Peer 1: 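Quick one: the structure is below, questions incoming.
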Amino acid sequence: MISTWSEWKRYPRPGRSENIEAPISPGIYEVRVAGSGALYAFGAVDNVAQALSLLPVRTRSWFGRRDTNPPPPLEYRTCATSTKADAKAAADRMIGRRDTYMSGAA
């Protein structure tokens with residue numbers, strides 16, 4: 001069973017004590033760049049909160065140093081499901097719809 005998408009929320013900025021509000025259950029997450037709406041990350045996982053907390057938002061240079069540019073402001077939303085299989089099926093349908101839309105828009 002699939003619930004509805006949450007509202008878009010600001011992704012916590014690195015180095016601040018901000019929290020991620022997400023289910024500790026299977027589901028889907030989507031992360032986008034706040035200014036442009038460009039897709040940053042998407043996934044169907046066993047634990048949405050954990051997946052979002054482990055999302056790499058800092059980039060590294062070729063020499064292993066942290067990039068001096070701050071990461072772009074991100075937004076995220078979540079959708080809880082009863083099982084990971086439900087999450088995977090819903091994600092596959094969403095990807096299929098997006099591909100169909102993009103091929104028709106071209």
Side-chain angles (χ1 to χ4, degrees):
M1 181 176 167
I2 300 169
S3 66
T4 59
W5 282 101
S6 69
E7 295 295 320
W8 287 102
K9 300 171 187 161
R10 187 178 69 201
Y11 192 84
R13 291 168 288 188
R16 310 227 173 157
S17 34
E18 300 171 337
N19 296 319
I20 292 175
E21 297 174 21
I24 305 173
S25 63
I28 307 166
Y29 67 89
E30 183 176 9
V31 181
R32 69 181 182 184
V33 177
S36 67
L39 184 64
Y40 186 84
F42 178 81
V45 294
D46 281 326
N47 185 326
V48 178
Q50 182 181 29
L52 285 172
S53 69
L54 296 175
L55 190 70
V57 294
R58 284 259 183 216
T59 58
R60 293 199 173 261
S61 72
W62 283 96
F63 304 107
R65 297 186 184 127
R66 285 184 183 230
D67 191 1
T68 56
N69 298 329
L74 302 174
E75 297 176 318
Y76 71 96
R77 66 179 180 166
T78 62
C79 180
T81 60
S82 53
T83 66
K84 185 177 180 185
D86 288 344
K88 179 83 171 116
D92 289 343
R93 281 193 308 272
M94 288 177 198
I95 291 169
R97 282 194 304 242
R98 182 175 285 189
D99 290 343
T100 301
Y101 173 77
M102 294 306 284
S103 67

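Not measured: the values here are computed from a predicted model.
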Peer 1: With rounding to the nearest 0.5 Å, note down the distance linking CD in E30 to CG in L39.
Peer 2: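 Between atom CD of E30 and atom CG of L39 there are 5.5 Å.
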Peer 1: Calculate, to the nearest 0.5 Å, the distance between atoms OG1 and NZ belonging to T81 and K88 respectively.
Peer 2: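 Answer for the OG1-NZ pair, T81 versus K88, is 12.5 Å.
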Peer 1: Let me check something: do W8 and I20 share a hydrophobic cluster, defined by ILVMFWY side-chain heavy atoms less than 4.5 Å apart, either directly or through other members?
Peer 2: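 No, it is not one cluster - the side chains of W8 and I20 are not joined through contacts under 4.5 Å.
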Peer 1: Can you give the donor-acceptor pairs under 3.5 Å from side chains of residues 49-56 to other protein atoms, not counting sequence neighbours?
Peer 2:
unit_1 : atom_1 : unit_2 : atom_2 : d
S53    : OG     : A49    : O      : 3.4
S53    : OG     : Q50    : O      : 2.8

Peer 1: Which residues pass the side chain to side chain donor-acceptor pair (under 3.5 Å) test with K84, not counting sequence neighbours?
Peer 2: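 Side chain to side chain donor-acceptor pair (under 3.5 Å) check on K84 returns nothing, list empty.
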Peer 1: I'd like to know if E75 pairs up with R10 as an ion pair, taking the criterion as any Lys NZ or Arg NE/NH1/NH2 lying under 4.0 Å from an Asp or Glu carboxylate oxygen.
Peer 2: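 Judged by the 4.0 Å cut-off on N to carboxylate O distance, E75 and R10 do not form a salt bridge.
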Peer 1: Restricting to side chain to side chain donor-acceptor pair (under 3.5 Å), what partner residues turn up for D46, sequence neighbours left out?
Peer 2: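 Expected list: none.
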Peer 1: For the residue pair F42 and V31, establish whether any side-chain heavy-atom pair is separated by less than 4.5 Å.
Peer 2: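 They are not in side-chain contact.
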Peer 1: What residues, two or more places apart in sequence or in another chain, satisfy side chain to side chain contact (heavy atoms under 4.5 Å, CB included) together with K9?
Peer 2: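 With sequence neighbours excluded, K9 shows a side chain to side chain contact (heavy atoms under 4.5 Å, CB included) to S6, E21, Y76, given in chain and number order.
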Peer 1: Could you give all pairs that pass the salt bridge (Lys or Arg N to Asp or Glu O under 4.0 Å) test and reach residues 35-45, with sequence neighbours left out?
Peer 2: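 Applying salt bridge (Lys or Arg N to Asp or Glu O under 4.0 Å) to every pair that reaches into residues 35-45, excluding sequence neighbours, yields nothing.
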Peer 1: Considering residues at least two apart in sequence or located in another chain, which fulfil the side chain to side chain contact (heavy atoms under 4.5 Å, CB included) criterion with P23?
Peer 2: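 P23 satisfies side chain to side chain contact (heavy atoms under 4.5 Å, CB included) with S25, V48, T78, A80 once adjacent residues are dropped.
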Peer 1: Determine whether R32 and Y40 make a side-chain contact, defined as any pair of heavy atoms from C-beta on separated by less than 4.5 Å.
Peer 2: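 Side chain of R32 against side chain of Y40, heavy atoms only: no contact under 4.5 Å found.
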